[in-house]
Amino acid sequence: MALYSEKVMDHFRNPRNVGKIDDADGVGEVGNAKCGDIMKIYLKIENDIIVDVKFNTFGCGSAIASSSMATELIKGKPLSKALELTNKAVAEALDGLPAHKLHCSVLAEEAIRAAIKDYYDKNGISYDKAQFPDPSEEHDHFEED
């Protein structure tokens with residue numbers, strides 16, 4: 001059996017939504033010091049809907065594929081739906097990731113949350129702080145030794 005699914009390979013070889021939005025409404029950047037992956041997500045939001053999303057990821061193929069898939073899953077969706085996106089949903093949409101690469105889907109979830117939080121902060125929109133846990137406290141729960 002192949003280590004990576006066809007969907008992971010497709011999103012790695014042909015990533016969707018790569019780039020930067022210069023006038024982004026929200027930007028989120030997260031990284032994992034253990035593996036060196038860094039993800040940056042840019043959101044363009046109109047009437048509470050993500051009308052455009054781009055990403056720049058420095059990392060392995062799984063990190064790029066996770067970023068690509070995550071952006072596809074939230075594009076055109078209301079912010080409330082984007083906040084419901086989990087790393088598990090990203091991994092499932094990619095037809096799975098190897099256990100030692102699950103942290104890549106976690107980074108995608110965290111980058112989206114960070115971008116939405118940035119949007120809320122910039123616009124003085126109140127939110128439940130519990131929706132935005134500190135990513136630095138989260139990673140070790142998903143790491144495989």
Atom NZ of K122 with >12 non-hydrogen neighbours under 6.0 angstrom: yes
OH (Y127) with more than 12 external heavy atoms under 6.0 Å: yes
Following the transitive rule for hydrophobic clusters with a side-chain heavy-atom cut-off under 4.5 Å over Ile, Leu, Val, Met, Phe, Trp and Tyr, establish whether [X] and [Y] coincide in one cluster.
{"X": "I38", "Y": "V18", "result": "no"}
{"X": "I45", "Y": "I125", "result": "yes"}
{"X": "I74", "Y": "Y42", "result": "no"}
{"X": "V27", "Y": "F55", "result": "no"}

Residues E72, R16; criterion side-chain contact (heavy atoms from CB on, under 4.5 Å); working and verdict: CA-CA 7 Å; E72 286 288 279; R16 284 66 154 178; 3.6 Å; yes
Please give me the minimum heavy-atom distance between [X] and [Y], naming the atom from each residue.
{"X": "A111", "Y": "M39", "result": "CB-CB, 4.2 Å"}
{"X": "L107", "Y": "V30", "result": "O-CG2, 3.4 Å"}
{"X": "A82", "Y": "I116", "result": "CB-CD1, 3.8 Å"}
{"X": "L85", "Y": "A89", "result": "CD1-CB, 4.0 Å"}
{"X": "A63", "Y": "C104", "result": "N-SG, 3.5 Å"}
{"X": "G59", "Y": "D37", "result": "CA-OD1, 3.0 Å"}

Could you state the interatomic distance from [atom1] ([X]) to [atom2] ([Y]), rounded to the nearest 0.5 Å?
{"X": "D10", "Y": "D95", "atom1": "CG", "atom2": "CG", "answer": "11.0 Å"}
{"X": "S5", "Y": "L97", "atom1": "OG", "atom2": "CG", "answer": "7.0 Å"}
{"X": "D25", "Y": "E46", "atom1": "CG", "atom2": "CD", "answer": "8.0 Å"}
{"X": "S80", "Y": "D48", "atom1": "OG", "atom2": "CG", "answer": "6.5 Å"}
{"X": "D118", "Y": "E29", "atom1": "CG", "atom2": "CD", "answer": "11.0 Å"}
{"X": "S62", "Y": "L3", "atom1": "OG", "atom2": "CG", "answer": "7.5 Å"}

When you compare the side chain of [Y] with that of [X], does any pair of heavy atoms fall below 4.5 Å?
{"X": "R113", "Y": "L83", "value": "yes"}
{"X": "M69", "Y": "H11", "value": "yes"}
{"X": "I21", "Y": "L43", "value": "no"}
{"X": "V106", "Y": "E109", "value": "no"}
{"X": "P15", "Y": "S67", "value": "no"}
{"X": "K40", "Y": "F58", "value": "no"}
{"X": "I50", "Y": "K44", "value": "no"}

N47 side-chain N/O to I49 backbone N/O, donor-acceptor pair under 3.5 Å: no
Short side-chain donor-acceptor distance under 3.5 Å, N17 and K75: yes
H103 and N87: CA distance, side-chain angles, deciding distance, side-chain contact (heavy atoms from CB on, under 4.5 Å) verdict: CA-CA 8 Å; H103 66 273; N87 68 295; over 6 Å; no
Test side-chain contact (heavy atoms from CB on, under 4.5 Å) applied to K88 and S105, step by step: CA-CA 7 Å; K88 183 177 179 190; S105 61; over 6 Å; no
F12 and Y4: CA distance, side-chain angles, deciding distance, side-chain contact (heavy atoms from CB on, under 4.5 Å) verdict: CA-CA 10 Å; F12 167 63; Y4 296 106; over 6 Å; no
